[in-house]
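Quick notes on the structure that follows.
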Number of protein chains: 2
Amino acid sequence: MSKRLTTTSYAVLAQVAVHPWSTYELAQQRVRYFRYVWPRAESAIYREVTRLSSMGLITGRKEYVGKRARTVYSITDQGLAALRQWLDTPVSPFAMDFEAMIRLFVAPLGTKEQINSTLTQVQNDAQEMLRFGGAVKQEFLEGIAVTQDQVYIRALAVDFFISLLHTVDAWAERTLREIESWDDLTPDGKNERGLEIIRQLPVATPEESVKGPPIPPDTQLRLRRSR
Amino acid sequence: MSKRLTTTSYAVLAQVAVHPWSTYELAQQRVRYFRYVWPRAESAIYREVTRLSSMGLITGRKEYVGKRARTVYSITDQGLAALRQWLDTPVSPFAMDFEAMIRLFVAPLGTKEQINSTLTQVQNDAQEMLRFGGAVKQEFLEGIAVTQDQVYIRALAVDFFISLLHTVDAWAERTLREIESWDDLTPDGKNERGLEIIRQLPVATPEESVKGPPIPPDTQLRLRRSR
DNA sequence: GGACACATGTAACGGGTTACATGATTTC
DNA sequence: GAAATCATGTAACCCGTTACATGTGTCC
């Protein structure tokens, strides 16, 4: 068992910091915590709990619900200190896995139905997540959220979540409409239209912005470094 | 070596489908292809190339640049067929790793400087990626992009990329301003403000939308299934 | 009292990462 | 002709996943 803590470790630690949980609850309640910003399999949570416990960052207390034993974990002072220390290290950048984009690139090899169904799936996923966001919103407004005392922070996170999903949803929508307007998936006659879309994108080309000093080479974008 | 192809395999295959590349070029040029939507380490690309080649989905031809040997890979008919077949399988959903969100949640354990630097980093990353997006835009407008004949498709992808980054950038900006306005990171007196932000989020609460039929239980959001 | 979902895990595989290695070219 | 960088990989660890296991409460 490695000694290094990963972001996943800190995610679990952060969740335990809110209040004590059993491992099962931790794994389940990730939905309301980091499932969407740091998705991991349940078994990964179980392993992290074992690890954090063996390192003394959380402590388990055996409880019984009827005849069934369960271990409820709380954060230790050492665990809190570890979290605080972590806040001084550099963040790993935003990263996404978006398979639909790869499929879009190779879409001309397939059919209109295929790319349509891919984009529809993207939109459905986004709308489903938005529904979850709506549920969270309501919980806070009703004052029954587990982290009700942290609204002032959580509001900022939910804001991000909602904004991002609206962006994905809207993009899927307009892209579906665009493809609908095509007769087929070949490049024939679609060149100028594509350039027009590109031209209208709200972003400056380097040509337009060569007034400023050149970008120093060490400003290179970091790849995700999540270990 | 497992026989199953992963999304990473198909990403490499899709890139080789554009035109032949040496392995090194493939690993480098991911920047212009899937680096941002399917980020993987270079060594993973090398391994995939070996695998795809041994499965006959791509073929390598030895070339020499001066004294240095290199293998240039092209896609085979079998590889094209595999890509086409893949388009009929369900997409794996959008997923993100966004460590900054975890840090935001535990921000009250640390200092204002710490959360500020986290959010600034998020904004810098987004702006750096936007600059890259601008460069891609210019390439297409100048007509010198490698996939110039695919503008009509790529435009849709670049649109997504730009939209998403503007969303991230704007969120980081307004969140930085919000936190700037605080005296400290404690909940004291920030409760009502948080609720106000939540209230204004552009998403329907389930309460508001109970007119429609209940959501069938099998509409559950899938977790990323990228294998 | 059988079925089913809840609660709590363990085992094993493999994909992704980090770290290292090595010759060839270019730079100064 | 030394140093830096390019080009091309290999090795090994470990995180994350999928699949399985097993007892316990609950529903009808």
Side-chain angles (χ1 to χ4, degrees), chain A residues 1-12 21-31 34-35 38-53 60-73 92-93 95-97 99 217-218 220 222-227, chain B residues 1-12 21-30 34-35 38-54 60-73 92-93 95-97 99 217-218 220 222-227:
Chain A
M1 192 142 58
S2 134
K3 274 288 158 188
R4 268 210 65 201
L5 293 181
T6 66
T7 301
T8 305
S9 320
Y10 291 110
V12 172
W21 312 74
S22 77
T23 320
Y24 182 76
E25 286 169 335
L26 268 176
Q28 296 301 305
Q29 284 301 111
R30 290 200 91 242
V31 168
F34 307 122
R35 174 174 173 183
W38 201 258
R40 294 296 180 270
E42 289 189 14
S43 67
I45 311 304
Y46 277 94
R47 186 165 42 196
E48 282 308 330
V49 166
T50 311
R51 215 156 77 99
L52 292 173
S53 173
R61 195 164 39 85
K62 264 233 157 67
E63 277 192 5
Y64 284 87
V65 180
K67 277 186 186 168
R68 183 183 299 161
R70 67 198 213 136
T71 317
V72 175
Y73 290 94
S92 78
M96 56 182 154
D97 280 3
E99 192 189 283
D218 63 321
Q220 279 187 18
R222 296 164 301 149
L223 263 178
R224 127 165 73 182
R225 197 149 303 155
S226 51
R227 291 308 190 67
Chain B
M1 192 142 58
S2 135
K3 275 286 158 188
R4 267 210 64 202
L5 293 181
T6 66
T7 301
T8 304
S9 321
Y10 291 110
V12 171
W21 311 76
S22 78
T23 321
Y24 182 76
E25 285 169 334
L26 268 176
Q28 295 302 304
Q29 284 300 112
R30 292 199 89 243
F34 305 122
R35 175 175 173 181
W38 202 260
R40 293 297 180 269
E42 289 188 15
S43 68
I45 311 304
Y46 277 94
R47 186 166 43 198
E48 282 307 330
V49 166
T50 311
R51 216 156 78 99
L52 292 173
S53 172
S54 85
R61 193 165 40 84
K62 264 233 158 65
E63 278 191 3
Y64 285 87
V65 181
K67 279 186 186 167
R68 183 183 298 159
R70 65 195 213 139
T71 317
V72 175
Y73 290 94
S92 79
M96 59 182 151
D97 279 2
E99 192 189 282
D218 63 323
Q220 277 188 22
R222 297 163 302 149
L223 262 180
R224 128 164 72 182
R225 197 148 304 153
S226 52
R227 290 310 188 66

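- The distance between atom CZ of B:R30 and atom C1' of D:dA7, rounded to the nearest whole Å, is 18 Å.
- Looking at heavy-atom distances under 4.0 Å, A:S22 makes contact with sugar-phosphate atoms alone, never a base.
- Of the listed nucleotides (D:dT17, C:dG9, D:dG9), D:dT17 has the atom at the smallest distance from the side chain of A:R40.
- The side-chain tip of B:R35 does not point at the ring of B:W38 from less than 6.0 angstrom away and within 45° of straight on.
- The shortest distance between the side-chain N/O atoms of A:T8 and the OP1/OP2 oxygens of D:dG16 is below 4.0 Å.
- Separating the NZ atom of A:K62 from the C1' atom of C:dG9 is a distance of 12 Å, rounded to the nearest angstrom.
- Close to D:dA7, at under 4.0 Å from its OP1 or OP2, lies no side-chain N or O of B:R70.
- Taking atom CZ on A:R51 and atom P on C:dG9, their separation rounds to 18 Å, with Å as the unit.
- Taking atom CD on B:E48 and atom P on C:dT17, their separation rounds to 12 Å, with Å as the unit.
- When the C1' atom of D:dG16 is taken as reference, atom CG of A:L5 falls 17 Å away, rounded to whole Å.
- In this model, a side-chain donor or acceptor of B:R47 finds a partner on the base of C:dG16 within 3.5 Å.
- Scanning atom types as modelled, one donor and one acceptor separated by under 3.5 angstrom connect the side chain of A:S43 and the base of D:dT17.
- B:T7 approaches A:E99 most closely through the heavy-atom pair OG1-OE1, 2.7 Å.
- If you check the side chains of B:E48 and B:T8, you find no donor sitting under 3.5 Å from an acceptor.
- For B:Y24, a side-chain nitrogen or oxygen approaches OP1 or OP2 of D:dA7 to under 4.0 Å.
- Residues A:S53 and A:T50 have side chains that never bring a donor and an acceptor to within less than 3.5 angstrom of each other.
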